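Report on the structure given below.
Keep in mind that what you see is a predicted model, and the values were worked out from it rather than measured.
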Amino acid sequence: MSLNREIDKFLDIFTEAWCVMDFDTFADTISWAAYDPLIANAWTKRILQMIADCQAAGLKSREVAALFPGTSHLRVLKGFDLWIASYADVPRTDREKIFAFYSSLLHDYCLEDPYGQAKNIIHTPEEVSSALKNLQPAMSTIAKALGRAVNACYHLGQAMYSDMNPSIVYDNYGPYEITEEYDKNHILAIKEFNRLKCPELWPETAELPCNSIRILYVYKNVKMTIDPATHVVFVGDLINNLQYYRLEVDGKERSTAELNEIAAELEKMAVAIFQKFQALNFERKKKKYYHTKAYSYCDLYKKLRQDWRPAAEILQEARGRKLHTPIWSKNAAKQKELIRNTMDPRTDFRV
């Protein structure tokens, strides 16, 4: 596929997902469209250098992709880095280089639907078959216990990594067809929550009871879709139609009886960190957000033997500057056009 056709395919999918969001909900927290333009030049320089360093180190696309928190977050980062590059003083060729880098990662790591139009598929059929072993029968009380823990993980991710980067914590994989093991009305869905502890950003999280939670669900008569902005949508009765499950905490199989205490600790931590962030002054909020943004690349920078934290020039570029104020349109079609053109690496456009 030509580069232009690949870009158009990506924009068709991403624009639709971005426009589902209500940007007004970010008014009291963080918005990429307000904060990211303040570091456009230094950040884009960083990303272009990172791409060059990956190539110089001989890292393959699949190897690089595995160093990110998850494929959903990888898609989000692609959108953010293309957006921020539109505010940087760089030529079209550099913006297209960023596009091509992320596209190669997603194409090489995902088994289908690399831009996440409806699915997030990274597990081979053999891995899926293996995952279906040793599942436990489910009931409504189990589904509710799992649901509480899931919500706690989501809230903690948003508190720790802002509304822009909560997918550093979570990813949803599926839907996987499992017709060989079950009938056609069944699917496998996988939820993973990692980096629940992040002492590099929030030292108090070192005291949490776990760092990761992984849940496998076999549903009957439930439909599942995932978009490139990490939004997962289930249609059906998630409580009563959960047939089987497996719960893993820090890589070890656990029972749901232990979840209430874990969920309670996660919930308390989410509230404490949110309040702590909200209490920061404006300049410290900016600095914390840019560190959170950089943390997405933590494992890759460790692989490159470099410091993952934002360089002084990134923080300096934002220091003392007011937030960017994008002008959003109330017209849905115009809104899509604004977002599409800003994210398009071929255009000199910014909202």
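Residues V249 and L247 meet the side-chain proximity criterion, which asks for heavy atoms closer than 4.5 Å. Contact check for M160 versus L201: no side-chain heavy atoms found under the 4.5 Å cut-off. Side-chain contact between M224 and V233: absent, with no pair of heavy atoms (C-beta onward) separated by less than 4.5 Å. The side-chain heavy atoms of Y217 and K191, taken from C-beta on, include a pair separated by under 4.5 Å. Counting only heavy atoms from C-beta outward, the side chains of R46 and T44 never approach each other to under 4.5 Å. The shortest side-chain heavy-atom distance between P69 and N194 does not fall under the 4.5 Å cut-off. Side-chain atoms of L188 and I190, non-hydrogen and from C-beta on, do get closer than 4.5 Å to each other.
At distances below 3.5 Å, not a single donor-acceptor pair connects side-chain atoms of Y109 with backbone N or O atoms of V64. For the pair N165 (side chain) and I168 (backbone), a donor-acceptor distance under 3.5 Å is absent. Remark: the backbone N or O of E126 is not paired with any side-chain donor or acceptor of S129 at under 3.5 angstrom. No donor-acceptor pair under 3.5 Å is formed between the side chain of Q117 and the backbone N or O of D227. At distances below 3.5 Å, not a single donor-acceptor pair connects side-chain atoms of S167 with backbone N or O atoms of Y170. No donor-acceptor pair closer than 3.5 Å links the side chain of K293 to the backbone N or O of M164. No side-chain donor-acceptor contact under 3.5 Å links S162 to the backbone of I30. A donor-acceptor contact shorter than 3.5 Å is absent between the side chain of Q306 and the backbone of Y301. Checked by atom type and distance alone, the side chain of Y290 pairs as donor or acceptor with a backbone atom of Y35 at under 3.5 Å. Checked by atom type and distance alone, the side chain of R195 never pairs as donor or acceptor with a backbone atom of V169 at under 3.5 Å.
A salt bridge is absent between E96 and R346; no separation between the charged side-chain nitrogens and carboxylate oxygens falls under 4.0 Å. Taking 4.0 Å as the cut-off between side-chain N and carboxylate O, K286 and E283 count as a salt-bridged pair. Taking a cutoff of 4.0 Å between a charged side-chain nitrogen and a carboxylate oxygen, D12 and K336 do not qualify as a salt bridge. At a threshold of 4.0 Å, the pair E177-K184 does not count as salt-bridged, since none of the basic side-chain nitrogens sits closer than that to a carboxylate oxygen. Salt-bridge check for K45 with E313: passed, with a basic side-chain N closer than 4.0 Å to an acidic carboxylate O. Between E248 and R246 there is a salt bridge, with a side-chain nitrogen of the basic residue lying less than 4.0 Å from a carboxylate oxygen of the acidic one. By the 4.0 Å N-to-carboxylate-O rule, E204 lies close enough to K276 to be salt-bridged with it. In this structure, D250 does not pair ionically with K252, as no charged nitrogen and carboxylate oxygen lie closer than 4.0 Å.
Looking at N120 and R75, their side chains do bring a donor and an acceptor atom within 3.5 Å of each other. Judged by distance alone, the side chains of Y115 and E6 do bring a donor and an acceptor atom under 3.5 Å apart. Judged purely by distance below 3.5 Å, without hydrogens or angles, the side chains of D53 and Q49 pair a donor atom with an acceptor atom. Side-chain atoms of W308 and D299 form no donor-acceptor pair, as typed in the model, at a separation below 3.5 Å. When only modelled atom types and interatomic distance are considered, D171 and Y173 share a side-chain donor-acceptor pair under 3.5 Å.
A 6.0 Å sphere centred on CD of E261 holds no more than 12 heavy atoms belonging to other residues, nucleotides or ligands. Surrounding CZ of R62 are more than 12 heavy atoms belonging to other residues, nucleotides or ligands, all under 6.0 Å away. Few gaps surround CZ on R350; more than 12 heavy atoms of other groups in view lie less than 6.0 Å from it. Within 6.0 Å of atom NZ in K303, 12 or fewer heavy atoms from other residues, nucleotides or ligands are found, so the atom counts as exposed in its surroundings.
The side chain to side chain donor-acceptor pair (under 3.5 Å) test with R95 is passed by exactly one of T347, D344, D348: D348.
Cation-pi geometry between K78 and F10 is met: the NZ or CZ atom falls under 6.0 Å from the ring centre, inside 45° of the normal. Taking the ring centre of W202 as origin, the terminal cationic atom of K197 falls outside the region bounded by 6.0 Å and 45° from the ring axis.
Between F234 and Y219, a ring centre-to-centre spacing shorter than 6.0 Å is recorded. Y297 has its ring centre less than 6.0 Å from the ring centre of F68. Ring centers of H186 and Y176: at least 6.0 Å apart, outside the cut-off.
Taking the six-membered ring where the residue is Trp, W18 and W32 present perpendicular rings, their angle passing 60° and hence far from 30°.
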> Does the pair F274 and H155 meet the rule for a ring pair (Phe, Tyr, Trp, His ring centres under 6.0 Å), with working shown?
Replying inline: CA-CA 9 Å; F274 178 77; H155 291 152; over 10 Å; no

